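Quick note: residue numbers are just sequence positions, from 1. Values in this document were obtained by computation on a predicted structure and should not be read as measured data.
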Amino acid sequence: MTEPSYLAAIRESYDTVAADYAARVKAPAELDPLSRGMLATFAEVVRTAGHGPVADLGCGPGKVTAHLAGLGVSAFGVDVSPKMIELARRDRPGLRFTVGSMTALPIGDGELGGILAYYSTHHTPPEMLPVVFAEFRRTLAPGGHLMMAGHVGDGQLLRPTQAYGGHPVSYESHLVEPARIVALLEQAGLVVTARLLEEPGEGSKRAAGTFFARKPEGP
């Protein structure tokens, strides 16, 4: 099966920026209190539920994966960029990292107690989100939890040419409406339990949304 062109663009772009991305992007402990609080809440929810490990999807160099592990979560990372996975394995040898795509996760049915998609779905074209969300549902155990956070908007399409130190990139960013994200999660068979919308603040040009959902216990 031919790989979608947007996945190739994401892989090539993040392979290109990997080293500067790892150096420039803040560790979770350096984030604002609200962001740290959402991650801590997710960690407590999945620890309490006890349905299995957590996959950090779009993990990059593994900073958030390691943060979850530090919060007592059995976590591993998946990313489409081999260079990002190489850095994650080098810097965090005690954790597991795998190359893979959210459209076809290298994870069995019902294996996960939780999924974290932290600022990692906005490069996915909206028409492909149902495929991604179906994979979330497939790999979550009954009662498993999802936290998804990222940039949102009114359907804007951004086409940056440079990022993270001026390196060339070819990916696109899709700022999907929060209500559409909720609707697509529900259509995939997930129950949305909470949502938080953060307006653009100091140093930020974009709104951000955080969504909590779970897979029903029944069929």
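In this structure, the separation between CG on Leu140 and NE2 on His145 is 9.0 Å, given to the nearest 0.5 Å. Note that CG of Leu175 is 4.5 Å distant from CG of Leu158, once rounded to the nearest 0.5 Å. Atom-to-atom distance recorded for Arg90:CZ and Ile85:CD1 is 13.0 Å, nearest 0.5 angstrom. For the atom pair Phe133 CZ and Leu184 CG, the distance stands at 6.0 Å (nearest 0.5 Å).
Linking Ile, Leu, Val, Met, Phe, Trp and Tyr residues whenever their side-chain heavy atoms come within less than 4.5 Å places Tyr119 and Leu68 in a single cluster.
Residues Phe42 and Val54 meet the side-chain proximity criterion, which asks for heavy atoms closer than 4.5 Å. Residues Ile107 and Leu112 are in side-chain contact: their nearest non-hydrogen atoms beyond the backbone lie under 4.5 Å apart. In this structure, Thr121 and Met102 have side chains that are in contact, with non-hydrogen atoms separated by less than 4.5 Å.
In this structure, Lys83 places its NZ atom where only 12 or fewer heavy-atom neighbours from other residues, nucleotides or ligands lie under 6.0 Å away.
The minimum heavy-atom distance linking Asp79 with Cys59 is given by the pair OD2-N, 3.3 Å. Pro126 approaches His174 most closely through the heavy-atom pair CD-ND1, 3.4 Å. Between Arg137 and Ala188, the shortest heavy-atom contact is CD-O, 2.7 Å. Here the shortest heavy-atom pairing between Ala207 and Pro200 reads N-CG, 3.6 Å.
A donor atom on one side chain and an acceptor atom on the other are found under 3.5 Å apart for His123 and Tyr14.
Under the 3.5 Å distance criterion, the side-chain polar atoms of Lys215 are left unmatched by any main-chain donor or acceptor of Gly189. With hydrogens and angles ignored, the 3.5 Å screen pairs a side-chain donor or acceptor of Thr139 with a backbone N or O of Glu135.
Under a cutoff of 6.0 Å and an axis angle of 45°, Arg96 and Phe76 form a cation-pi pair.
The pair Glu44-Arg47 does not meet the salt-bridge criterion, since no charged nitrogen lies less than 4.0 angstrom from a carboxylate oxygen.
A side chain to side chain donor-acceptor pair (under 3.5 Å) with His167 is found for exactly one of Asp20, Thr161, Asp15, Thr16, namely Asp20.
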